[in-house]
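Here the structure comes first, spelled out in C-alpha cells, and everything after it is commentary.
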Amino acid sequence: MSHFEQVVVCGGHMIDAPGRERPRFPAAKAESVRALVAKQLEQWQLGKNDLALSGGASGADILCAEESLRRGALVRLFLAQTPDDFVRASVQPAGHEWVRRFYDLCEKAEVRTLPAVAEDADLSIYERVNLWLVENGREAAGEMGKLCALLVWDEQPSGDGPGGTAHLAQRIGQLGGEVAIINPTKL
C-alpha cells in the first residue's frame with residue numbers, strides 16, 4: 001500500500017430529514033459548513049500528496065469530499081451499501097441535488113463498497129464503515145504520515161444509532177489522530 005503525507009478521514013452528520021425533531025445539520029447550514037470545511041483543509045494544507053476518506057452520505061461526507069477534490073487530494077468513498085441502496089438510505093432523503101453531487105463524486109473518486117459479512121455480525125454497517133475508514137486511514141498514513149479527522153458533528157455522545165460520529169471521533173482519538181470538529185448547531 002502506498003503511503004500519503006496526510007490522510008483526512010471525513011465524517012459527520014447527514015443533512016437533516018425534513019421535520020427532524022432535534023436538528024443536527026439543517027440544510028440551511030450546508031454552505032456555512034462547506035466554508036468551514038474548506039478553511040480547515042486549508043489550515044491542514046491538504047493537497048496533491050494527500051488522501052481524503054469519506055463515507056459518501058449527504059452533508060458532511062459529500063462536502064468534505066468535494067472540498068478535498070478541489071484541493072487536489074485523492075478521494076476514496078467507502079460506502080456502507082451498494083451505491084443504489086446507499087443513495088436511497090443516506091443521500092436521497094436530503095434531496096435531488098445531493099443525489100446529483102453524490103454521483104458526480106463517484107465519477108471523480110475511488111469508490112469502495114463495504115464487504116458483506118454474516119447476517120449475525122455484531123456491528124451495524126455504520127460501525128463497520130467507521131472502523132473500515134479508520135483502519136484504511138491508519139494504513140494509508142503509515143508510520144510517517146499524519147492522520148486527521150474532520151467531523152461535522154453536534155458533539156453529542158450518542159446519535160441516532162450505532163456507528164455515528166461520536167464512534168468515529170473516539171476511534172480516531174484512540175489512534176492519536178488530530179480531530180477538528182465543526183458543530184452545525186452552533187452556527
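Here the structure is a predicted model, which means the values were calculated and not measured. Basis for what follows: all heavy atoms, side chains included, without hydrogens, waters or symmetry-related copies.
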What's the separation between atom CE in M144 and atom CD in E5, rounded to the nearest 0.5 Å? 10.5 Å
To the nearest 0.5 Å, how far apart are CD in Q170 and CG in L175? 11.0 Å
Side chains of Q156 and R24: closer than 4.5 Å at any heavy-atom pair? no
Which is it for L187 and L36 under the side chain to side chain contact (heavy atoms under 4.5 Å, CB included) test, yes or no, and what are the steps along the way? CA-CA 10 Å; L187 299 179; L36 291 170; 3.6 Å; yes
Is any side-chain heavy atom of D50 closer than 4.5 Å to a side-chain heavy atom of V8? no
Within the distance-only criterion (no hydrogens, no angle test), does the side chain of S54 pair as donor or acceptor with the backbone N or O of D61 below 3.5 angstrom? yes
Could you list all the salt bridge (charged side-chain N to carboxylate O under 4.0 Å, His left out) pairs where at least one residue sits in residues 101-110, not counting sequence neighbours? E66-R101, R76-E110, R100-D104, E110-R112
Of all the heavy-atom pairs spanning G11 and A60, show the shortest one and how long it is. O-CB, 3.5 Å
Just how far is it from atom CG of L53 to atom CG of L147, taken to the nearest 0.5 Å? 8.5 Å
Return the minimal non-hydrogen interatomic distance between L69 and A73, and the atom names on each side. CD2-O, 3.9 Å
Are V37 and F78 connected, step by step, through hydrophobic side chains (Ile, Leu, Val, Met, Phe, Trp, Tyr) whose heavy atoms are closer than 4.5 Å? no
Between I181 and E155, which heavy-atom pair has the shortest distance, and what is it? CG2-CG, 3.8 Å
Within one Ile-Leu-Val-Met-Phe-Trp-Tyr cluster: L150 and L105, side-chain cutoff 4.5 Å: yes
Tell me, do V87 and Y103 make a side-chain contact under 4.5 Å, heavy atoms counted? yes
I125 and F86: same hydrophobic cluster, using ILVMFWY side-chain contacts below 4.5 Å? no
Whether over 12 other heavy atoms sit under 6.0 Å from E135 CD: yes
Would you confirm whether N130, through its side chain, and G164, through its main-chain N or O, come within 3.5 Å as a donor-acceptor pair? yes
Restricting to non-hydrogen atoms, name the atom on G56 and the atom on V91 that form the minimum distance, rounded to 0.1 Å. O-CG2, 3.8 Å
Taking it one step at a time, do R138 and V7 satisfy side chain to side chain contact (heavy atoms under 4.5 Å, CB included)? CA-CA 8 Å; R138 187 191 59 75; V7 178; over 6 Å; no
Cationic N near anionic O, under 4.0 Å, R22 to D154: yes
If you compare all heavy atoms of A109 against all heavy atoms of L77, which two are closest, and at what distance to 0.1 Å? CB-CG, 4.1 Å
Can any side-chain N or O of Q40 pair as donor or acceptor with the backbone N or O of A180 at less than 3.5 Å? no
Side chain to side chain, D85 and L79, heavy atoms closer than 4.5 Å: no
Report yes if some heavy atom in the side chain of T113 is under 4.5 Å from a heavy atom in the side chain of P83; otherwise report no. yes
Closest heavy-atom pair and its distance - S58, W98: CA-CE3, 3.9 Å
Is the shortest heavy-atom distance from the side chain of L168 to the side chain of W153 under 4.5 Å? no
Distance, nearest 0.5 Å, that separates NE2 of H3 from CG of N49: 14.5 Å
With clusters defined by side-chain heavy atoms of hydrophobic residues (ILVMFWY) lying less than 4.5 Å apart, directly or transitively, does L151 cluster with L41? no
More than 12 heavy atoms from other groups under 6.0 Å of NZ on K39: no
Any donor-acceptor pair under 3.5 Å from D16 side chain to F25 backbone: yes
Are V152 and V75 co-members of a hydrophobic cluster defined by side-chain heavy atoms under 4.5 Å apart? yes
Close side-chain approach of P115 to W132, heavy-atom, < 4.5 Å: yes
Non-hydrogen side-chain atoms of E178 and W44 separated by less than 4.5 Å: yes
